[in-house]
Amino acid sequence: MQQAKILYPSRLSPLPRLNRLLKSSHYANAKYVILLDENTYTHCLPYLVSRMRVLEEAEFLVVPVGEEAKSIEIASQLWGALLDMNADRNTIIINLGGGCISDLGGYVAACYKRGIRFINIPTTLIGMVDAAIGGKTAVNIEGYKNQVGLFAQPDFIAIDPTFLDTLPAEEVSNGLFEILKTMMLSNSDIYHSVCQLIQSNSLVLNTEMVVQCTRFKSNVVKYDPFDKSARKILNLGHTFAHAFESFHKSINSPLSHGKAVGLGLWCALYLSKFKLGMSPSLLEEYQNTMLSIIKPHPYTLKDTETILSYMRADKKNVDGMILCVLLQSLGLPLIDVPVDENEIRDTILSLAKLQ
């Protein structure tokens, strides 16, 4: 599967470069549809069109904000809208938004008329360092995350950190956990200093940090595009995270993906300490960092059973065994580690004690 071309920021926005690329003969007959949510319609669409004149005549489709948009019902409505506007196989969908938009828009594009082209322009920190990269598309069903989807690569991914200026502080905090995950996996020299800066509330995001994370994920995906081996390391913390998201939705107390990843990383490190002998100091350092951003829900034993029910449906499981990515030390992850259900109960109840 051909990998997407990533346009990184330089002195200028990558959007004018993308605009020039879309004027090539390869896109001579293209028609453009911009997929976005209510937030990006207000805060990001004007900036995009001002730098990409090729999109001045584009039509746009607006969906609800967040995970609610990632459903078969919304996907079906979008396919119907594409038919109504006579979208053909020369149509290109521009996904302007966070991870929910790139997941949904990629899925809609990959299925419509057996596949049309799409482009991801992430506007959130999570989107830039993780969700928009890698060619995973999906929707949720029956409260379970990303259960229906396929691999499909966009033509381009344009990383423009200017969009981060539109985000509330809460959304930036969500993205920090994906950055921390990437640094754990890449044995980044700056992981410890970033933890200290987060704890002291003095971290200033910069383009170099975003690009470093983006390049790391892109290189992993290039080696293993279909998630068969090495790419599984990117799921560190996510087996727990997706279950936390589903649980909180079920109790009408939504938890953002970023914060769910934050809790999931703690769970992975907690298990890593006991199952792989990971240094306790690494768990302590991360715990102090996490608690400076989010306090865990006081999960009960009854709650753990509900969370376990979601974990049993995780896509990475094999023969009914719950598998996790754990960490031996910074930069040394271990994939497909079987985790006993009692170990999961202990982990979640231990997380609940942190305040």
Other residues, nucleotides, ligands: >12 heavy atoms within 6.0 Å of Y41 OH
no
Donor-acceptor contact present, side-chain N95 to main-chain L104, <3.5 Å
no
Hydrophobic cluster of [X], others only, ordered by chain and residue number, side-chain cut-off 4.5 Å:
{"X": "M321", "value": "V318, L323"}
{"X": "L332", "value": "none"}
{"X": "L301", "value": "L349"}

With ring pair (Phe, Tyr, Trp, His ring centres under 6.0 Å) as the rule and sequence neighbours excluded, what pairs involving residues 194-230 come up?
F151-F226
Run the side-chain donor-acceptor check on residues 75-85: report pairs under 3.5 Å with partners two or more places apart or on a different chain.
from : atom 1 : to   : atom 2 : distance (Å)
W79  : NE1    : V108 : O      : 3.1

Taking atom types as modelled, is there a side-chain donor on [X] or [Y] under 3.5 Å from an acceptor on the other?
{"X": "D303", "Y": "T306", "value": "no"}
{"X": "N120", "Y": "S102", "value": "no"}
{"X": "T162", "Y": "D165", "value": "no"}
{"X": "Y270", "Y": "S350", "value": "yes"}

Acceptor/donor pairs from residues 25-33 side chains to any protein atom, 3.5 angstrom cut, sequence neighbours excluded:
from : atom 1 : to   : atom 2 : distance (Å)
Y27  : OH     : D155 : OD2    : 2.7
K31  : NZ     : N86  : O      : 3.1

Do the side chains of E245 and K249 get close enough for a salt bridge, i.e. N-O under 4.0 angstrom?
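Not counted as a salt bridge, because no side-chain N and carboxylate O are separated by less than 4.0 Å.
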Evaluate the side-chain proximity of F118 to L35: yes if any heavy-atom separation is below 4.5 Å, no if none is.
no
Do the non-hydrogen side-chain atoms of I159 and I6 ever get within less than 4.5 Å of each other?
yes
